[in-house]
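Down below is the structure, laid out as structure tokens.
Each ligand, and each atom within it, is numbered from 1 in the order the structure gives. Sequential numbering from 1 along the given sequence is applied to the chain's residues.
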Amino acid sequence: MKRIGILTSGGDAPGMNAAVRAVTLKALHEGLEVYGINYGYAGLVAGDIFPLDKDTVLDIIQRGGTFLYSARYPEFAQEEAQLRGIEQLKKFGIDALVVIGGDGSYHGGLRLTEHGYNAVGLPGTIDNDIPYTDFTIGFDTAVNTALDAIDKIRDTAASHERTFIVEVMGRNAGDIALWAGVAGGAEEIIIPEKPFDMAKVAEHINTDRQAGRKHSVVVLAEGVMHAPEFAEELSKFGDFHVRSTVLGHVQRGGAPSARDRVLASKMGAFAVELLMQGKGGLAVGIENNQLTYHPMDDLFESKHKADMSLYDLNGDLSH
Ligand code: F6P
């Protein structure tokens with residue numbers, strides 16, 4: 001193996017640049033060459049590929065987003081697109097790849113490995129919804145961004161004795177809501193993993209109000225429903241001065257946290273080591289603070305589990 005390629009695909013996540021940097025620097029350190037592929041699998045198929053060196057990755061560890069650009073490219077599920085991608089790998093002399101992203105990236109990586117081009121996947125998504133890893137690159141930053149917003153919203157919630165519904169991202173996973181909710185002292189956390197009863201939410205807010213606590217923050221995962229709809233439903237149970245806020249894509253941006261930079265750096269270097277061992281079709285994770293890897297196939301058959309102890313903890317602390 002002489003030359004590796006690297007791409008980011010799916011939704012961008014803070015720390016992707018740090019991962020690209022780590023892969024590049026580790027590979028160069030090991031005497032390999034590195035090529036960046038713009039726009040994920042779309043760029044691979046189009047041959048949007050260029051050499052990376054130390055200077056290219058200088059000063060990107062602190063930058064949010066991905067300087068390799070990202071794209072969702074479902075067409076890569078078709079063999080025709082895969083073969084066109086492989087033509088480009090041949091043309092640029094790339095022997096193996098690191099792919100950074102979520103589920104879709106791993107499917108592409110596995111197909112390339114089956115075609116003889118080893119690919120190792122790094123979990124890059126704010127959602128934290130990838131199996132076999134406790135944390136994904138970008139999750140910690142997104143939680144801190146959501147937390148910053150929740151803290152600010154609490155100020156106005158308290159000043160006006162309002163109930164705020166704060167919708168956070170996460171697709172079908174409640175992880176951002178759980179972590180930002182516990183850290184922000186949420187009165188309620190509503191996540192897809194746990195059915196909820198609107199009458200009980202209203203009762204809880206009422207009990208708090210009778211006890212003299214006249215504002216509440218409900219952290220709502222987007223996978224449940226949207227905040228305005230939740231606010232409307234809740235208002236049917238009483239006048240709680242409800243307002244809703246959808247945090248949206250602000251959670252995807254910004255400088256990566258120290259944890260995300262370190263995680264990305266560790267995982268990036270580890271991916272290069274795995275490729276050097278001739279391994280492919282693997283997804284890197286961090287489990288109990290140890291770097292691990294699992295066949296990408298195993299990930300497709302498993303489901304990520306949110307840390308439900310946080311849900312129980314929040315219930316104990318807020319009721
Ligand atoms: O997967 C990351 C994520 O930000 C999800 O939390 C969200 O549901 C989705 O992407 C939004 O996708 P888009 O940026 O395509 O609107």
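For Asp48, the side-chain contact (heavy atoms from CB on, under 4.5 Å) test picks out Asn38, Tyr39, with sequence neighbours left out. For the ring pair (Phe, Tyr, Trp, His ring centres under 6.0 Å) test, no residue two or more places apart in sequence or in another chain qualifies with Phe270.
Within ligand 1, the atoms closer than 4.0 Å to a non-hydrogen atom of Met169 are 4 (O), 6 (O), numbered from 1 in the order shown. Using a 4.0 Å cut-off to heavy atoms of Arg171, the atoms of ligand 1 that qualify are 1 (O), 6 (O), 8 (O), 9 (C), 10 (O). In summary, the atoms of ligand 1 found under 4.0 Å from a heavy atom of His249, numbered by their order in the structure, are 13 (P), 14 (O), 16 (O).
Of all the heavy atoms of Gln251, none lies under 4.0 Å from any atom of ligand 1, so neither backbone nor side chain is involved.
Residues Ser309 and Asp312 have side chains that never bring a donor and an acceptor to within less than 3.5 angstrom of each other.
The protein heavy atom nearest to atom 4 (O) of ligand 1 is Arg252 NH1, 2.7 Å. Nearest protein heavy-atom neighbour of atom 7 (C) of ligand 1: Glu222 OE2, 3.3 Å. Scanning all protein heavy atoms for the shortest distance to atom 15 (O) of ligand 1 gives Arg72 NH1, 2.6 Å. Here the heavy atom of the protein found nearest to atom 2 (C) of ligand 1 is Asp127 OD2, 3.3 Å.
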_Verdict with reasoning, Thr141 to Asp260, per side-chain hydrogen bond (donor to acceptor under 3.5 Å, both in side chains)_ = CA-CA 7 Å; Thr141 309; Asp260 274 333; 2.5 Å; yes
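For Glu203 and Lys200, the salt-bridge test fails: no basic side-chain N is under 4.0 Å from an acidic carboxylate O.
Between His294 and Tyr132, the ring planes are parallel. Angles under 30° get that label, and only those over 60° would be called perpendicular.
Considering both main-chain and side-chain atoms, Gly170 comes within under 3.5 Å of ligand 1 through a nitrogen or oxygen pair.
In the displayed structure, Gln277 atom CD is contacted under 6.0 Å by more than 12 heavy atoms of other residues, nucleotides or ligands.
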